[in-house]
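Encoded as structure tokens, the structure appears first; notes follow it.
Heavy-atom basis, side chains included; hydrogens, waters and symmetry copies ignored.
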Amino acid sequence: MPHVDFDSVPEGFEALPAGTYEARKSGHELKDSKSSNFQYYSVEFTIDEGEFAGRKLWDNYSMNPKALFAMKAALRACQVDVSASQDTDELWDEADGAPVRLVVKQRTYKDPDTEEEKIQNDITKVLAPTVIV
């Protein structure tokens, strides 16, 4: 049986400092919403550079027609052509590996289980990369 030394394993990740990060779109999953009748995409981004390289951040994009502007902007930042009616899974697949810049902030929230205040990251904007590749 494999053995693991948990002494060197951190308790969890600390939130990233607020700022802009070079990243890549690294995954996505269509999920059912618990608060509406509209599904949403949970989109994963991976930081490319600096001391936080390899860290992952997620952003959600609702399929609610009133919220599609955010998905359209994120896909455009990934250099995906959104000029016609297309399958959203195919669009997000096309965005895989696309370089982007993430504008990230910190937000404080109360853990519902422990009532402890914690800090998490929120992506406020997904922008095209500084240099288009």
Side-chain angles (χ1 to χ4, degrees):
M1 295 233 174
H3 292 276
V4 177
D5 178 6
F6 287 108
D7 289 337
S8 62
V9 176
E11 293 298 321
F13 286 111
E14 289 190 28
L16 299 176
T20 302
Y21 295 90
E22 300 293 327
R24 291 193 179 273
K25 190 271 185 181
S26 52
H28 64 274
E29 181 180 359
L30 183 62
K31 296 183 174 186
D32 293 323
S33 174
K34 294 177 183 166
S35 61
S36 80
N37 293 327
F38 296 101
Q39 291 181 301
Y40 67 95
Y41 280 93
S42 175
V43 178
E44 176 187 88
F45 298 94
T46 303
I47 305 295
D48 274 348
E49 301 175 345
E51 69 178 290
F52 302 108
R55 288 279 302 270
K56 299 190 182 296
L57 295 168
W58 290 264
D59 206 3
N60 296 329
Y61 298 94
S62 174
M63 293 297 292
N64 181 334
K66 293 179 180 179
L68 288 176
F69 67 92
M71 185 185 308
K72 182 178 183 178
L75 286 164
R76 279 189 171 158
C78 293
Q79 296 91 57
V80 173
D81 179 8
V82 293
S83 61
S85 176
Q86 297 173 6
D87 178 272
T88 49
D89 273 331
E90 290 177 10
L91 292 171
W92 284 117
D93 284 344
E94 186 179 334
D96 279 346
V100 293
R101 288 179 299 141
L102 301 177
V103 179
V104 176
K105 72 174 186 175
Q106 291 186 339
R107 178 171 59 90
T108 303
Y109 73 99
K110 190 174 281 193
D111 184 313
D113 296 326
T114 65
E115 296 295 314
E116 178 184 355
E117 282 199 356
K118 295 185 176 185
I119 298 173
Q120 74 177 38
N121 289 120
D122 286 334
I123 297 172
T124 59
K125 283 189 182 176
V126 179
L127 304 170
T130 306
V131 177
I132 307 277
V133 290

Applying salt bridge (Lys or Arg N to Asp or Glu O under 4.0 Å), name anything that partners K118, two or more places apart in sequence or on another chain.
D111
Path from Y40 to V126 over hydrophobic side-chain contacts below 4.5 Å:
no
Report yes or no: does [X] contribute a side-chain atom to a donor-acceptor pair with the main-chain N or O of [Y] at less than 3.5 Å?
{"X": "R101", "Y": "A128", "value": "yes"}
{"X": "Q79", "Y": "A77", "value": "yes"}
{"X": "N121", "Y": "L16", "value": "yes"}

For residues F38 and S33, determine if any side-chain heavy atom of one lies less than 4.5 Å from a side-chain heavy atom of the other.
no
Taking the side chain as C-beta and beyond, is there a heavy-atom pair between W58 and F45 under 4.5 Å?
no
How are the rings of Y41 and W92 set to each other: parallel, tilted or perpendicular (split at 30° and 60°)?
tilted
Partners meeting side chain to side chain contact (heavy atoms under 4.5 Å, CB included) with T124 (sequence neighbours left out):
V103, K105
Report the hydrophobic cluster partners of I119, with the cluster defined as I, L, V, M, F, W, Y residues connected by side-chain heavy atoms closer than 4.5 angstrom, directly or transitively.
none
Residues E22, I47; criterion side chain to side chain contact (heavy atoms under 4.5 Å, CB included); working and verdict:
CA-CA 6 Å; E22 300 293 327; I47 305 295; over 6 Å; no
How many angstroms lie between atom [atom1] of [X] and atom [atom2] of [Y], to the nearest 0.5 angstrom?
{"X": "R107", "Y": "Q120", "atom1": "CZ", "atom2": "CD", "answer": "4.0 Å"}
{"X": "K31", "Y": "S42", "atom1": "NZ", "atom2": "OG", "answer": "4.0 Å"}
{"X": "Y21", "Y": "L102", "atom1": "OH", "atom2": "CG", "answer": "10.0 Å"}
{"X": "Q39", "Y": "N60", "atom1": "CD", "atom2": "CG", "answer": "13.0 Å"}

What pair of heavy atoms forms the shortest contact from L75 to A95, and how long is it?
CD2-CB, 4.3 Å
Sort and list the pairs that fulfil salt bridge (Lys or Arg N to Asp or Glu O under 4.0 Å) and have at least one residue in residues 40-58, not counting sequence neighbours.
R24-D48, E44-K56
Sequence neighbours left out, what pairs pass salt bridge (Lys or Arg N to Asp or Glu O under 4.0 Å) with at least one residue falling in residues 81-98?
K25-D96
Without placing hydrogens or testing angles, list every side-chain donor-acceptor pair under 3.5 Å for residues 61-74, not counting sequence neighbours.
from: Y61; atom 1: OH; to: D59; atom 2: OD2; distance (Å): 2.9
from: S62; atom 1: OG; to: N64; atom 2: N; distance (Å): 2.9
from: N64; atom 1: OD1; to: K66; atom 2: N; distance (Å): 2.9

Checking V104 against L57 for the side chain to side chain contact (heavy atoms under 4.5 Å, CB included) test, could you report, in this order, the C-alpha distance in whole Å, the side-chain angles of both residues, the deciding distance, and whether it holds?
CA-CA 9 Å; V104 176; L57 295 168; 3.7 Å; yes
Exceeds 12 heavy-atom contacts within 6.0 angstrom, atom CD of E14
no
